[in-house]
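Read through the structure below, which is laid out as structure tokens, and then see the notes.
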Amino acid sequence: VYGSGLDDGNAITFISIDKGTLVTGGSGYPTNAVFKAFFSTGSKSYSASAANGIEISMYDASGVSWSTSLGSQTGSTFTIDHNQDDPDLLGNYYLKVKASFSCKLYDASGNVKVLTNGVYVGDFGNF
């Protein structure tokens, strides 16, 4: 499972987007080409704990955990709109991904937050 996230600068409010599962059939990391293909553009489905798709999680300012994995995602969307190579100066391979999404985040009590017209731009690293 590969993840990317953002926080509010105080590490209080946090959102993460995870995508999994990438099986390479061997030990070590996938090639950069395989990794980039894993983040191909197009619609992706939501999946519990990102096992077979996307999971969006969030911690709010009160420390409450919210996740797409805790409830139904009927009518929710997630689309990878663009991806591009974004290696760092040390030679580590990153892929910058732009995604658009709408989803429902649930807490452990079943309360729901609806996110609409979301846009996320972040790096995923092949390591």
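Between Phe78 and Ile56 the shortest side-chain heavy-atom distance falls below 4.5 Å. With contacts defined as side-chain heavy-atom distances shorter than 4.5 Å, the pair Asp60/Lys113 qualifies. Within the 4.5 Å cutoff, the side chain of Tyr46 has heavy atoms near those of the Cys103 side chain. A heavy-atom distance below 4.5 Å is found between the side chains of Val34 and Leu22.
Contact detail for Phe14 and Gly5: the closest heavy-atom pair is CZ-CA, 4.1 Å. Across every non-hydrogen atom of Ala50 and Glu55, the tightest pair is N-CB, 3.7 Å. In terms of heavy atoms, Lys104 sits closest to Ser76 at NZ-OG, 3.6 Å. Closest heavy-atom contact between Ser43 and Thr79: OG-OG1, 3.8 Å. The minimum heavy-atom distance between Gln84 and Leu95, with the atom names listed, is O-CD1, 3.3 Å. Nearest heavy atom pair, residue Phe124 against residue Val97, reads CD1-CG2, 3.8 Å.
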Note to self: Between Phe35 and Tyr2, is the ring-ring contact (aromatic ring centres under 6.0 Å, His included) condition met? List the steps.
What the structure shows: CA-CA 10 Å; Phe35 184 74; Tyr2 290 91; 4.9 Å; yes

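Atom-to-atom distance recorded for Asn111:CG and Leu105:CG is 12.0 Å, nearest 0.5 angstrom. Atom CG of Leu6 and atom CD1 of Ile17 lie 8.0 Å apart (nearest 0.5 Å). Rounding to the nearest 0.5 Å gives a distance of 7.5 Å between OG1 of Thr31 and CG of Asn126. The CZ atom of Phe101 lies 10.5 Å from the CD1 atom of Ile54; values are rounded to the nearest 0.5 Å. Between the OG atom in Ser100 and the NE2 atom in His82 there is a gap of 13.0 Å [rounded to 0.5 Å].
Of the possible donor and acceptor atoms, none in the side chain of Tyr93 sits under 3.5 Å from a partner among the backbone N and O of Asp88. Although no hydrogens or angles enter the test, the distance criterion places a donor-acceptor pair under 3.5 Å between the side chain of Ser69 and the main chain of Ser49. Counting only distance, with no hydrogens or angles, the side chain of Ser4 and the backbone of Asp123 share a donor-acceptor pair below 3.5 Å. Between the Tyr106 side chain and the Ser72 main chain, a donor and an acceptor come within less than 3.5 Å of each other. Formation of a donor-acceptor pair under 3.5 Å by the Asn83 side chain with backbone atoms of Phe39 is found in this model.
Cluster annotation: Met58 is connected to Val64 through the hydrophobic network of ILVMFWY side chains, with a link wherever side-chain heavy atoms come within less than 4.5 Å. The hydrophobic clustering, which links ILVMFWY residues whose side-chain heavy atoms are closer than 4.5 Å, places Ile15 and Leu70 apart.
Relative ring orientation between Phe127 and Tyr94 is described as perpendicular, the plane-to-plane angle rising above 60° on a 0-90° scale split at 30° and 60°.
Annotation: Lys44, atom NZ; neighbour count of heavy atoms from other residues, nucleotides and ligands within 6.0 Å is above 12.
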